[in-house]
2 protein chains.
Amino acid sequence: MKKELTLRQIEILTFIEDFIRDNNYAPTLREIATQFNMSSVNGAKTHVDSLVRKGFLKTGNNLSRTISVQQNKYSEKNESNVTEIAVIGRIAAGYPLLAEENVDTRIMIDNFLLKNAAKCFGLKVRGDSMIDAGIFEGDIVIANSEEKYQNGDIVVAKLQDEATLKRFLKKDGEYYLMPENKNYEPIPVTGREDFSIAGKVVAVIRMFN
Amino acid sequence: MKKELTLRQIEILTFIEDFIRDNNYAPTLREIATQFNMSSVNGAKTHVDSLVRKGFLKTGNNLSRTISVQQNKYSEKNESNVTEIAVIGRIAAGYPLLAEENVDTRIMIDNFLLKNAAKCFGLKVRGDSMIDAGIFEGDIVIANSEEKYQNGDIVVAKLQDEATLKRFLKKDGEYYLMPENKNYEPIPVTGREDFSIAGKVVAVIRMFN
DNA sequence: AATAATACTGTAATTTTGTACAGCACTAAT
DNA sequence: ATTAGTGCTGTACAAAATTACAGTATTATT
């Protein structure tokens with residue numbers, strides 16, 4: 001399946017994006033068809049379906065005005081835009097990491113700083129296990145929950161209902177979480193049931209005072 | 001006409017706000033009614049009508065899912081505001097540090113992260129002189145140009161038409177710029193004409209990749 | 001040369017959704 | 001004491017919107 005968009009699809013995607021920005025709600029298929037002088041709603045529908053299939057839009061089923069933009073790499077306005085991301089504070093045991101119960105606050109992040117900010121979340125750093133990587137207690141790390149992590153990446157891992165920040169390492173077929181602090185030991189996690197990786201760290205924010 | 005909201009109306013307004021944030025589209029009257037265990041859509045409708053009348057919501061006529069929030073002074077999340085700050089890149093000799101000529105890009109910073117963001121600017125870090133303070137090459141430091149700096153603060157200093165990042169130290173009546181890297185020597189700056197302090201560092205942002 | 005994808009028209013069924021009206025109980029303001 | 005506003009239930013209807021299906025023509029792609 002082709003993932004690139006045609007000129008027409010870009011036009012339609014851009015119209016939808018602009019419409020939502022201007023009205024705070026999404027256009028209907030009829031409104032899209034009218035805008036592009038199509039006499040049939042289905043013209044708009046097939047385009048929207050294609051854009052959904054290619055991952056640029058998302059829609060609800062049988063629900064009106066539920067088109068939302070997932071990404072638009074063809075838009076020039078992407079620069080000075082911001083996305084709100086949730087910052088996870090203390091973890092409530094039993095809940096998924098990104099559950100509302102764990103959200104401490106929300107901050108706006110410039111899209112220039114973060115690609116795919118919509119898939120990112122923040123985590124307040126506790127402890128000093130990553131001090132040698134320049135990540136200190138109180139810092140906020142930003143992690144992308146969808147980006148593929150590789151050997152050597154710093155990740156947010158969930159271990160026994162605790163979110164921890166470590167470097168992910170694969171060695172001789174075994175997996176480890178490596179602290180960046182000589183005072184701590186590597187944690188072997190191969191096959192552990194209570195272990196999962198929530199995201200790859202893509203940024204660190206530190207505030208003084 | 002009363003302009004204040006009742007508890008119930010605040011509840012409903014908040015639900016609508018949260019719903020839109022989570023779904024990227026507005027709830028229908030039925031969805032609101034269901035959420036609040038009302039057996040009639042009209043229960044939701046009268047509330048929404050009241051909120052529109054009082055200026056908190058806006059809706060289209062006969063259009064589905066067109067509720068949008070105009071204001072919500074009852075929401076605690078209202079602080080989530082952003083300020084655009086300039087990021088200084090390479091310094092053009094002869095210009096003031098914050099001159100337009102030196103601006104590399106602009107980013108949006110959440111006011112929650114930064115007090116008095118309007119007086120702040122960013123600086124792309126070059127070199128490794130602050131590596132022991134966890135500030136690496138490529139990081140963006142945010143400095144407040146108006147905040148009073150004290151002995152021991154990390155500051156953005158201008159030295160010979162170069163912006164540098166150092167810890168400011170006062171010892172025995174003499175002033176020094178201290179690198180945080182054993183390989184570099186302190187720089188005495190007492191009485192130097194080509195020296196000035198542009199701002200006190202209040203935050204560091206680091207992006208991976 | 002064959003196939004898949006694009007880019008529509010046109011009609012119609014189905015579902016979703018907003019609106020209207022009648023009514024009731026309770027509360028706050030004048 | 002009366003009125004306006006709140007906070008609903010319940011029924012019904014009409015408008016709005018999505019979806020489905022049958023086509024046609026054109027443009028890539030293999």
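By convention in this document, chain letters (A, B, ...) are assigned in the order of the sequence lines, proteins followed by strands, and residues within each chain are numbered from 1.
B:D110 places a side-chain N or O within 3.5 Å of a backbone atom of A:M108 that can act as its donor or acceptor partner. Panel note: side chain B:N23, backbone B:Y25; no donor-acceptor pair is recorded below 3.5 Å.
Between B:T6 and D:dG7 there is a side-chain N or O to OP1 or OP2 distance below 4.0 Å. At the phosphate of D:dT6, neither OP1 nor OP2 sits under 4.0 Å from any side-chain N or O atom of B:H47. Side-chain nitrogen and oxygen atoms of B:R53 include none within less than 4.0 Å of the OP1 or OP2 phosphate oxygen of D:dA4. Remark: B:R8 is in phosphate contact with D:dC8, judged by side-chain N or O atoms under 4.0 Å from OP1 or OP2. Taking 4.0 angstrom as the limit, B:K45 places a side-chain polar atom (N or O) nearer than this to OP1 or OP2 of C:dT19. Within the structure, a side-chain polar atom (N or O) of B:Q9 is placed less than 4.0 Å from OP1 or OP2 of D:dG7.
Nucleic acid contact for A:S40: base, since at least one base atom lies under 4.0 Å from a heavy atom of the residue. Here A:N42 lies in heavy-atom contact (under 4.0 Å) with a base. Residue contacts for B:R30: at a heavy-atom cut-off of 4.0 Å it reaches a base atom on one of the strands shown.
Protein atom CG of B:D49 is 7 Å distant from nucleotide atom P of C:dT19, rounded to whole Å. Between the CG atom of B:N62 and the P atom of C:dG18 there is a distance of 10 Å, rounded to whole Å. Going from atom CD1 of A:I10 over to atom P of C:dT6 covers 13 Å, rounded to whole Å. Protein atom CE of B:M38 is 13 Å distant from nucleotide atom P of D:dT6, rounded to whole Å. When rounded to the nearest whole Å, the span between CD of A:E31 and C1' of D:dA15 equals 13 Å. At whole-Å resolution of the value, CD1 in A:I32 and C1' in D:dA17 are 12 Å apart. One atom, CZ of B:F36, and another, P of D:dT9, lie 13 Å apart when rounded to the nearest Å. We find that NZ of B:K54 is positioned 10 Å from P of D:dG5, with the value rounded to whole Å.
Between A:Y175 and A:F168, the ring planes are parallel. Angles under 30° get that label, and only those over 60° would be called perpendicular.
Side-chain proximity of B:L63 to C:dT19, D:dA16, C:dC8: nearest is D:dA16. The side chain of B:N61 lies closest to C:dT19, out of C:dT19, C:dT9, C:dG18.
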For residues 130-142 of chain B, run the donor-acceptor check on the side chains, cut-off 3.5 Å, and write out each pair with its distance to 0.1 Å, sequence neighbours left out.
unit_1 : atom_1 : unit_2 : atom_2 : d
B:E137 : OE1    : B:G127 : N      : 3.3
B:D139 : OD2    : B:F136 : N      : 2.8
B:D139 : OD2    : B:R206 : NH1    : 2.7

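Along DNA chain D, the nucleotide nearest to A:P27 and the one nearest to B:L7 differ in position, and the one closer to the 5' end is contacted by B:L7. Residues B:S39 and A:L29 each lie close to DNA chain D; by heavy-atom proximity, the contact nearer the 5' end of the strand is made by B:S39. Residues A:S50 and A:G43 each lie close to DNA chain C; by heavy-atom proximity, the contact nearer the 5' end of the strand is made by A:S50.
Contact check on A:D153 versus A:R167 returns no salt bridge, with no Lys/Arg side-chain nitrogen under 4.0 Å from an Asp/Glu carboxylate oxygen. The pair B:E147-B:K119 does not meet the salt-bridge criterion, since no charged nitrogen lies less than 4.0 angstrom from a carboxylate oxygen.
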